[in-house]
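Contents: one structure, followed by commentary.
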Amino acid sequence: MSKTNFISVIILFSLCSCSLKYNNSKNSTSTVPELEFKNPKYTHYNNKIKETAFSASKLEQYKDDNSSYAKDAVFTTWTKEGNLLTEGSCSLIEIDSKNKIYKMFSNIKIKNHDQNFSLSADSLKYDENSRQLSSGKTDTVFIQQDDCEIQGQGFSASSISNMYTFDSAVQGTLTTDE
């Protein structure tokens, strides 16, 4: 091999080879799950009374941002007396365990048995610190409570005051007996 061909091969190899930049490496733990569970089930008890149950078809946990993502999530809560309080489901839930924020997406259904209240939406966020459930400003939420069915946008509800509001006009049906 001539000296010119050898130099050409070295130049070609150096142009085509991978470059590992160890000092500029991106941390892959933010994009690759630390743990992945298939069909997980979680139940939380307080003083031997079931408080919360959660299941999903898939759960991924990420180390760097303390987040988890669950597909086909189903959740249930009970009162301190052990009575069924809330049942819910969604296609995807993002759990920010550090900030206690839960974002639900697609085919969301929530039923509160204590208040005979049902809700459905495509996007909701629950802040456990403020106990506030809200939708995006332009996201539509459907509510059924007793003889009232309404839908609107810009939904916000407080689990402290047990009240909800909409940012925009609502439409729906109110059935009364006379």
Side-chain angles (χ1 to χ4, degrees), residues 8-80 84-113 117-143 153-160 164 167:
S8 298
V9 169
I10 295 293
I11 291 172
L12 181 62
F13 179 74
S14 66
L15 291 173
C16 296
S17 65
C18 295
S19 171
L20 296 176
K21 297 181 180 180
Y22 293 103
N23 60 346
N24 291 338
S25 66
K26 207 173 196 181
N27 192 348
S28 66
T29 58
S30 63
T31 58
V32 176
E34 179 182 30
L35 297 170
E36 185 176 316
F37 301 94
K38 300 283 186 198
N39 301 311
K41 291 178 179 25
Y42 167 82
T43 304
H44 175 75
Y45 290 86
N46 188 7
N47 294 326
K48 299 181 182 180
I49 297 175
K50 191 185 300 188
E51 280 190 343
T52 309
F54 175 83
S55 65
S57 64
K58 183 178 181 181
L59 176 69
E60 295 178 345
Q61 291 183 325
Y62 294 80
K63 182 178 180 178
D64 285 358
D65 57 1
N66 293 314
S67 66
S68 300
Y69 296 85
K71 181 180 177 186
D72 303 322
V74 176
F75 48 92
T76 309
T77 63
W78 289 267
T79 65
K80 292 179 182 178
L84 182 62
L85 180 60
T86 307
E87 295 177 283
S89 63
C90 62
S91 296
L92 179 68
I93 186 167
E94 174 188 343
I95 303 165
D96 178 346
S97 56
K98 181 179 179 183
N99 297 308
K100 297 183 179 181
I101 294 176
Y102 310 88
K103 295 178 183 175
M104 296 171 273
F105 302 98
S106 187
N107 200 26
I108 303 164
K109 301 201 182 313
I110 300 173
K111 173 143 180 86
N112 182 295
H113 294 277
F117 176 89
S118 296
L119 175 146
S120 61
D122 279 326
S123 178
L124 289 173
K125 179 175 110 176
Y126 180 70
D127 186 332
E128 188 176 340
N129 298 311
S130 66
R131 298 183 61 188
Q132 194 79 17
L133 180 68
S134 59
S135 73
K137 192 167 186 78
T138 59
D139 294 330
T140 302
V141 174
F142 299 89
I143 294 177
Q153 295 177 329
F155 173 80
S156 180
S158 169
S159 61
I160 297 170
Y164 60 85
D167 286 344

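Fair warning: this is a prediction, and the values are worked out from it, not measured in the lab.
- The closest side-chain heavy-atom distance from L92 to S106 is not below 4.5 Å.
- You'll find the side chain of L85 reaches within 4.5 Å of the side chain of N112, heavy atoms only.
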Test side-chain hydrogen bond (donor to acceptor under 3.5 Å, both in side chains) on Q132 and D127 and set out the steps.
CA-CA 5 Å; Q132 194 79 17; D127 186 332; over 6 Å; no

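- Side-chain contact check for L119 versus L133: some heavy-atom pair is nearer than 4.5 Å.
- The side-chain hydrogen bond (donor to acceptor under 3.5 Å, both in side chains) test with E51 singles out one residue from T77, N46, T76, and that residue is N46.
- Side-chain contact between F155 and D167: absent, with no pair of heavy atoms (C-beta onward) separated by less than 4.5 Å.
- Looking only at distances, no side-chain donor or acceptor of S135 sits under 3.5 Å from a matching main-chain atom of V141.
- Two residues are said to be in side-chain contact when any heavy atoms from C-beta on lie closer than 4.5 Å; T79 and I49 fail this criterion.
- Side-chain atoms of K137 and Q153, non-hydrogen and from C-beta on, never get closer than 4.5 Å to each other.
- Looking at heavy atoms from C-beta onward, N39 lies in side-chain contact with S57 at the 4.5 angstrom threshold.
- Side-chain contact between L59 and S68: present, with at least one pair of heavy atoms (C-beta onward) separated by less than 4.5 Å.
- Every residue meeting the side-chain hydrogen bond (donor to acceptor under 3.5 Å, both in side chains) condition with N99, not counting sequence neighbours, appears here in chain and number order: D96.
- Considering E128, E94, K125 as possible partners of Y102, the one that fulfils the side-chain hydrogen bond (donor to acceptor under 3.5 Å, both in side chains) test is E128.
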